[in-house]
Number of protein chains: 2
Amino acid sequence: MRISARTQYALGAMLALAAADGPLHAEQIAVSQDIPRRFCDNILLQLRRAGLIQSQRGPDGGYWLARPAAEIALADVIRVTEGMEPVSRPLPKAAAPLAGIWAELRAHQDRLLGETTLADLVTH
Amino acid sequence: MRISARTQYALGAMLALAAADGPLHAEQIAVSQDIPRRFCDNILLQLRRAGLIQSQRGPDGGYWLARPAAEIALADVIRVTEGMEPVSRPLPKAAAPLAGIWAELRAHQDRLLGETTLADLVTH
DNA sequence: GCCTTTCTCTACTTTATAAGTAGGGATAAT
DNA sequence: ATTATCCCTACTTATAAAGTAGAGAAAGGC
């Protein structure tokens, strides 16, 4: 499956925000999810730029979800942190018959991750 | 999805062997599958050690499948080249609710790759 | 026995990606 | 003004993937 630490962290942060009542500080998220402090900033920035969360600066600042948790799929988060996959190198010739298999795996994955929302995983 | 070049190459080599009548040289496999020559050796060695293929040295040497193509699943090959996944680092806390999702993805993947054999993909 | 062809093995180098860090700048509240 | 917070670019370090090198061993033909 291979899932990067960055993505795990991002999902953890999003789930933390989904479970919280109001805004959370980067500090709170980092501590509660065991994310290295500066790396957490880094990831939150990326999530904000992607439009998944919103933020406010200064004291009383913090982060919160841009949309209801029920409207944010895991795939939305993963798409951001994993980025667009690098244009596949010219595939080995015999990869051709395998293309169908990869496509099917990808399809199932997209379906599951596209249908599961943050709300589905938050235990209130 | 993330699939290494090594694994793509290994699957290509195995499919080439499955499609061939008799033994093939590393050279033939490397050329037909666009695998860097020495890297191909490297991979074939790994496949032989794993018991998926057999070999013979000297002139008239070459490689062939250790079992019928219909009895070698893609998962058998992938397991070899991807190796055992490194003991997962202490997962981020919030990863907990995600475990079920990862497990389901993995299960589907294992099923599909475990059921599809080389014979299913060779176009005679 | 010698020569050629092929696989066998260990170890190394290079390249790419992920993971994490640093240092300062901008904004909002008090 | 001061403080707490997010914002931003760029850098460093760690890890893994990709690929290479060089010598050794078996098998067959002569």
Side-chain angles (χ1 to χ4, degrees), chain A residues 1-10 12-13 17 22-31 33-64 66 78 80-92, chain B residues 1-10 12-13 17 22-31 33-64 66 78 80-92:
Chain A
M1 178 65 222
R2 194 60 213 132
I3 190 81
S4 70
R6 186 181 192 86
T7 293
Q8 290 270 8
Y9 289 152
L17 290 172
L24 293 179
H25 298 159
E27 175 73 20
Q28 294 175 296
I29 297 171
V31 169
Q33 303 302 318
D34 273 337
I35 306 175
R37 184 63 184 75
R38 296 306 287 280
F39 199 21
C40 189
D41 274 4
N42 190 318
I43 292 165
L44 288 168
L45 176 61
Q46 189 177 24
L47 291 172
R48 187 184 61 78
R49 282 177 169 161
L52 293 179
I53 60 180
Q54 292 185 327
S55 62
Q56 160 96 23
R57 290 197 262 205
D60 290 20
Y63 296 91
W64 61 94
I78 295 172
V80 170
T81 54
E82 297 287 307
M84 287 306 95
E85 60 209 76
V87 265
S88 57
R89 76 183 65 201
L91 295 184
Chain B
M1 180 63 221
R2 195 62 212 128
I3 190 79
S4 71
R6 185 181 193 85
T7 293
Q8 291 269 8
Y9 289 151
L17 290 173
L24 293 180
H25 299 158
E27 176 72 19
Q28 294 176 296
I29 297 171
V31 168
Q33 303 302 318
D34 273 337
I35 306 174
R37 183 63 184 76
R38 297 307 286 277
F39 198 21
C40 189
D41 275 2
N42 190 320
I43 292 165
L44 288 168
L45 177 60
Q46 187 178 23
L47 291 171
R48 186 185 60 79
R49 282 179 170 159
L52 292 179
I53 60 180
Q54 293 186 327
S55 61
Q56 161 97 21
R57 292 198 261 205
D60 290 19
Y63 297 92
W64 61 92
I78 295 173
V80 170
T81 54
E82 298 287 307
M84 287 305 93
E85 61 210 75
V87 265
S88 57
R89 73 184 67 201
L91 296 183

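Throughout, a chain's letter reflects where its sequence line sits, starting with A, and its residues are numbered from 1.
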Could you identify which residues of residues 50-62 of chain A place a heavy atom less than 4.0 Å from some atom of DNA chain D, listed by residue number, or say none? A:Ser55, A:Gln56, A:Arg57, A:Gly58, A:Pro59, A:Gly62
If I take atom NE2 in residue B:His25 and atom P in nucleotide C:dT5, what distance separates them, rounded to the nearest angstrom? 11 Å
Using whole Å, what does the distance between atom C1' of nucleotide C:dT21 and atom CZ of A:Arg6 come to? 13 Å
Walk me through it: do B:Arg6 and B:Gln46 pass the test side chain to side chain contact (heavy atoms under 4.5 Å, CB included)? CA-CA 11 Å; B:Arg6 185 181 193 85; B:Gln46 187 178 23; 2.8 Å; yes
Whole angstrom is fine here: how far is it from CD in A:Gln46 over to P in D:dT9? 13 Å
For D:dA17, does OP1 or OP2 lie under 4.0 Å from any side-chain N or O of B:Tyr9? no
Just the rounded figure in Å: distance from C1' of C:dC7 to CG of B:Leu17. 14 Å
Nearest whole Å is fine: how far is C:dC9 C1' from B:Arg49 CZ? 6 Å
Non-hydrogen atoms of A:Glu82 and A:Ser4 that approach each other most closely: OE2-OG, 2.8 Å
Rounded distance (Å) that lies between atom P of C:dC7 and atom CD1 of B:Ile29: 8 Å
So for the helix from C:dG1-D:dC30 to C:dT30-D:dA1, with five pairs setting each end axis, what is the inter-axis angle to 10°? 0°
Judged by each residue's nearest nucleotide on DNA chain C, which is more toward the 5′ side, B:Glu27 or B:Asn42? B:Glu27
In short, A:Tyr9 meets A:Asp34 closest at the heavy-atom pair CE2-O, 3.9 Å
Can you give me the closest heavy-atom contact between B:Gly12 and B:Gln33, atom names plus distance? O-CD, 3.6 Å
What pair of heavy atoms forms the shortest contact from A:Gln54 to A:Ala66, and how long is it? CG-CB, 3.9 Å
Side chain of B:Phe39 - closest among C:dC7, D:dT20, D:dT5: D:dT20
Can you tell me how far P of C:dA18 sits from CD of A:Gln8, to the nearest Å? 14 Å
Tell me which of A:Arg37 and B:Asp41 sits closer to the 5' end of DNA chain D, going by the nucleotide each one is nearest to. A:Arg37
Any N or O donor-acceptor pair linking the side chain of A:Arg38 to the base of C:dG23 at under 3.5 Å? yes
Given C:dA19, D:dC6, D:dT9, the nucleotide with the shortest approach to the side chain of A:Leu45: D:dT9
I want to check one thing: is the phosphate of D:dT15, taken as OP1 and OP2, less than 4.0 Å away from some side-chain N or O of A:Arg2? no
Taking all non-hydrogen atoms of both residues, which atom of A:Tyr63 and which atom of A:Leu17 are closest, and how far apart? O-CD2, 3.4 Å
Nearest-nucleotide 5' precedence on DNA chain D, A:Ala26 against B:Cys40: A:Ala26
Can you measure A:Leu47 atom CG to D:dC7 atom C1' for me and round it to whole angstrom units? 14 Å
